[in-house]
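Take a look at the structure set out below.
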Amino acid sequence: MKTPRHVRLLFTLLPLSLAAAQAQKTTLVVSGFGIAQDKIEKNIAKPFEAVCGCNVVFEVGNNADRLAKLTARKANPNVDVVLLADYFAKQASNQGLFEKLDTAQLSNYGKLYDFARDPLKDGTAVAFTVYSVSIVYRTDKITKPITSWKDLWRPELAGKVALPNITTTQGPPTVWLVNRAYGGKDSDASAAFGQLGKLKVLTYYNQSSQVTSLFAQDEIWAAPVGRFAWGGLLNTKKPLAWARLSDGQAGLVNVASVVKGSKNVALAHKFIDFMLSTPVQTAQALDLVDSPVNKQVKLPAAVANQLTVGVSQVAGLRFMDTSYVLTNRDNWIQRWNREVVK
Amino acid sequence: MPGRTVTPWLLVTPALLFLTLVFLYPVVKLLLNSFSVGDTFGLGNYTSFFGDRFNLEVLWRTLRVALVVTLVSAVVCYPAAYGIQSVPPRYRGLVTALIIVPLMTSPVARTYAWLVLLGQTGIVNTALLRSGLVQEPVRILYTEWAVYIGMAQLFIPLMLLTLISAMENLPRDVVPAARSLGATSLQSFTRVILPLTREGLVVGGTLVFTGCITAYVTPALLGGARVQLLATLLYQKAGVTVDYAAASVISVVMLALTLTVAGVLRGRGGRT
Amino acid sequence: MNSSRVPIIILYLTLVFLVGPFLVVFIAAFGGEPTLKFPPTSFSTQWFTKVFEVESFRSSFLTSLGLGLMSTSLALALGIPVAYALSRFRLPGAVVIQTVLTSPALVPGLVVGLALLQYFINLGGSVYPSLLAAHTALLLPYVVRVVSTSLINLKPDIEEAAISLGASRLTAFRLVVLPNIRGGVAAAAVLAFITSFDQVAVSLFLTGPGVSTLPISMLTFMEYNYDPTIAALSTLLIIFSIGLVLVFERVLGLSRYV
């Protein structure tokens, strides 16, 4: 019989790829951020695999995507450990998606700063990194340093500002601090929305790569940015500065939790403990991926300057209560679409 | 011969069964979800979706983008498809290959190119500035213009290929004949070419129009947060805010649009 | 300017619009700067090395490749019999069958992805089978259409002759029909594979832990990185599709099937 060779090839490959797809070992599935994947592979995944004798598989993506998938798969979870920004994690925790953490299984728990020990205030998560949200600006275009959230409204910045979209992690803290800067009460964000509606914004970014590209292509001179994007921004070789704001930088933590229904709860704790250990926290900091939350991490000054490190720096940050964000988020998204983006 | 009656059913059943189980049933279920409010049947999801001006703007923008891109590609592709007759025969294969290559290339890669080109310091702006056409760099990226450009590049090959094959069926001397009888080029187009290639135009138009309505990567990467289309809104509702009611309404709207257009095509006696 | 030159000039300009951006990606991929820049001011091949170093690209490439091959094989296995039945038999309700079979091409990919996400979760299914099912459904209309075209062009006389000489229909199909529609089947396979390999919308909701396709990994990578790695990867993908088109245009005349 003369079966076409292509067809024959396809059918030979079929069982092969089936077999490959089904090959399974003890596997710990971690849902994490897509940033610096190569460093995370090097600093966390590979060393942990060597210790635990298991496979570590990463699902990567932004907070919203992964939370949505976690919610959708609630009845049949296929993730063991999930890493999320604090208020996304709080949302998941409220939906009962997390196990309670057993801190006795975390040998490095005692080394953590206080703010990292129970960031969701319900015992379901520990923080593994902290970062600030402030305004990044071009020092060559803006000669008078930016020192307040209100400076975004300076006339010379008209049309040269990008804002984080409300659905990003940096969106709500920006609304919150702008609201405070303009004298608004936390219970009512009208001051912020009134002002943001008047701001001459070039565009709203969804992703940290977008804000990098906007700076790289000279499209914007200033934008509120999360510290984790700072390394990428420096790569643009543009003269950029990180504003020290008198009315406050926002502080956010990324947290690690064990997914409810995980079949590897003990291993998941082990992984989280590993992430908090001094060597891993140091390695992540030296690669400028994550600022440490472990008090014993010692860093050279040059590295520490690029990160959010130490009690003194963290003390200056304003942490938003995660429940506060969640109560207001839907309303803020609606108001944002109607009053700001338009 | 008894095989006559059984064999064909044996042949089509696996595929039909497969599609019914893993495709039709889930899709229909999703669509029906849009009509349930709590546990009862109702149009509540629709009234709240269409009651929001933001959503209506997105719907209108999606239609506008699809219409403009379809019209522009028709206007560009008619002369371009006609022009292939003047290409020396031995280069025609190359020209066809150049039209097909983009079709076969990952839409992510194709859209990515425009990110490089359309920025404030991208070459489009550099060229515009040098030519003196503009004094200030123009904003293109993250505006509706970027979406038009990206979509046009994505879908022009479909229109071009259908029109080229439609024109191959044109008798070779019909245009010169019309011209020699005194027809202007416009007349020979509207009276001769257009009626004879109408079917190709309808097929190409449908492909481009439905493509624009369903494309996700281009508006997501080139339009940014400000230029939402139905596809990106659907993704936001389902993937970001986990609002499945709204997501199912958008699904119904998108499907209704593509089916309407496909129905028009079938009504015109085209082929699918 | 001679007005009869206008159409061909428009054709060439259109080709520049279609293919020109690829050249830009090629050039940007060799830039030495750590952020994407065009034109680049220095030369480097480091981004091509980086493409192969990024773990998510390696694993998702293999996933995409396997998924493409599997869904293509399944779509061929399900689709060729249908194409044969529709072109050789008078089936009552053929219109309905045809409508069902073309439906995956009419439903927007995102809708398919979302529907299958909800469906497979309720079934407790894992990531890979739902991706495979979605891709196979998506490819079926292409396979049926392309193979049907070849079958219609093949006159039934020869196989009827074989059958009247005592061959079973299956034998006639294997010995007479299949060799004659080889080109169509191969073209269907290539189109189906490419459609699966490049698919974004359907996969967007369906990828999960450890199972991501290459286009989705590219989108995720682009979310956080603004360096020329994606330009380098795009360059490789473009070269891949050029190669594919050239080979098949030469061997099969792919343009007849698109």
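Each chain gets a letter, A, B and so on, in the order its sequence line appears, and its residues count up from 1. Predicted model only: the values in this text are computed from it and were never measured.
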If every non-hydrogen atom of [X] is compared with every non-hydrogen atom of [Y], which pair is closest and at what distance?
X: Phe17(C); Y: Ile156(B); result: CE2-CD1, 4.2 Å
X: Leu117(C); Y: Tyr244(B); result: CD2-OH, 4.3 Å
X: Tyr82(B); Y: Pro7(C); result: CD2-CG, 3.9 Å
X: Leu116(C); Y: Val22(B); result: CD1-O, 3.3 Å
X: Met104(B); Y: Ser241(C); result: O-CB, 3.4 Å
X: Ser234(C); Y: Tyr112(B); result: OG-CD2, 4.2 Å

What part of [X] lies closer than 4.5 angstrom to a heavy atom of chain C: side chain, backbone, both or neither?
X: Ile164(B); answer: neither
X: Ala215(B); answer: neither
X: Val101(B); answer: both
X: Leu115(B); answer: side chain
X: Leu98(B); answer: both
X: Leu160(B); answer: side chain
X: Leu19(B); answer: side chain
X: Val28(B); answer: neither
X: Thr210(B); answer: neither

Value rounded to 0.5 Å, distance of CE in Met222(C) from OG1 in Thr111(B):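 That separation rounds to 7.5 Å.
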Within 6.0 Å of CZ in Phe61(C), more than 12 heavy atoms from elsewhere: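 At most 12 heavy atoms, drawn from other residues, nucleotides or ligands, come within 6.0 Å of this atom.
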Exceeds 12 heavy-atom contacts within 6.0 angstrom, atom OH of Tyr142(C):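 Result for OH/Tyr142(C): open.
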Max heavy-atom pair count under 4.5 Å with chain B, selected residue of [options]:
options: Leu13(C), Val25(C), Val24(C); result: Val24(C)
options: Ile97(C), Ile238(C), Leu237(C); result: Ile97(C)
options: Leu36(C), Leu140(C), Ile242(C); result: Leu36(C)
options: Val144(C), Leu86(C), Leu101(C), Leu233(C); result: Leu101(C)
options: Thr235(C), Val19(C), Leu204(C); result: Leu204(C)

What's the verdict on side-chain contact (heavy atoms from CB on, under 4.5 Å) for Leu11(B) and Val82(C), showing C-alpha distance, side-chain angles and the deciding distance? CA-CA 6 Å; Leu11(B) 294 175; Val82(C) 175; over 6 Å; no
Does any backbone or side-chain atom of [X] lie under 4.5 Å from a heavy atom of chain B? Answer side chain, backbone, both or neither.
X: Val100(C); result: both
X: Ser103(C); result: both
X: Pro92(C); result: both
X: Ala231(C); result: both
X: Ile194(C); result: side chain

I'd like to know whether Val87(B) forms a side-chain contact (heavy atoms from CB on, under 4.5 Å) with Tyr12(C), so could you lay out the CA-CA distance, the side-chain angles of the two residues, the decisive distance to 0.1 Å, and finally the verdict. CA-CA 10 Å; Val87(B) 175; Tyr12(C) 288 146; 3.9 Å; yes
Note, [X] side chain near [Y] side chain (heavy atom, < 4.5 Å):
X: Thr7(B); Y: Tyr84(C); result: no
X: Ile8(C); Y: Gln85(B); result: no
X: Tyr235(B); Y: Leu114(C); result: no
X: Val111(C); Y: Leu255(B); result: no
X: Pro21(C); Y: Arg110(B); result: no
X: Pro157(B); Y: Leu18(C); result: yes
X: Ser106(B); Y: Phe240(C); result: no
X: Leu110(C); Y: Thr214(B); result: no

Closest-packed option against chain C by number of heavy-atom pairs under 4.5 Å, given [options]:
options: Gly93(B), Ala97(B), Ala109(B); value: Ala109(B)
options: Leu117(B), Leu10(B), Leu257(B); value: Leu117(B)
options: Ala113(B), Ala81(B), Cys77(B); value: Ala113(B)
options: Thr126(B), Leu94(B), Leu234(B); value: Leu234(B)

Hey, what's the ring geometry for Tyr25(B) with Tyr119(C), parallel, tilted or perpendicular (30° and 60° as the breaks)?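 Ring orientation of Tyr25(B) relative to Tyr119(C): perpendicular.
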Out of Ile100(B), Thr105(B), Ile99(B), Leu103(B), which one pairs with Val245(C) under the side-chain contact (heavy atoms from CB on, under 4.5 Å) rule?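 Among Ile100(B), Thr105(B), Ile99(B), Leu103(B), the one that satisfies the side-chain contact (heavy atoms from CB on, under 4.5 Å) with Val245(C) is Ile100(B).
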Within the 6.0 Å centroid threshold, strictly below: Phe22(C) and Trp114(B):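 No, they do not, as the ring centres are separated by 6.0 Å or more.
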Can Thr136(C) and Phe23(B) be said to form a side-chain contact (heavy atoms from CB on, under 4.5 Å), step by step? CA-CA 10 Å; Thr136(C) 308; Phe23(B) 176 79; over 6 Å; no
Is there a donor-acceptor pair under 3.5 Å between the side chain of Thr258(B) and the backbone N or O of Leu106(C)?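 Flag set: sc Thr258(B) to bb Leu106(C) pair under 3.5 Å.
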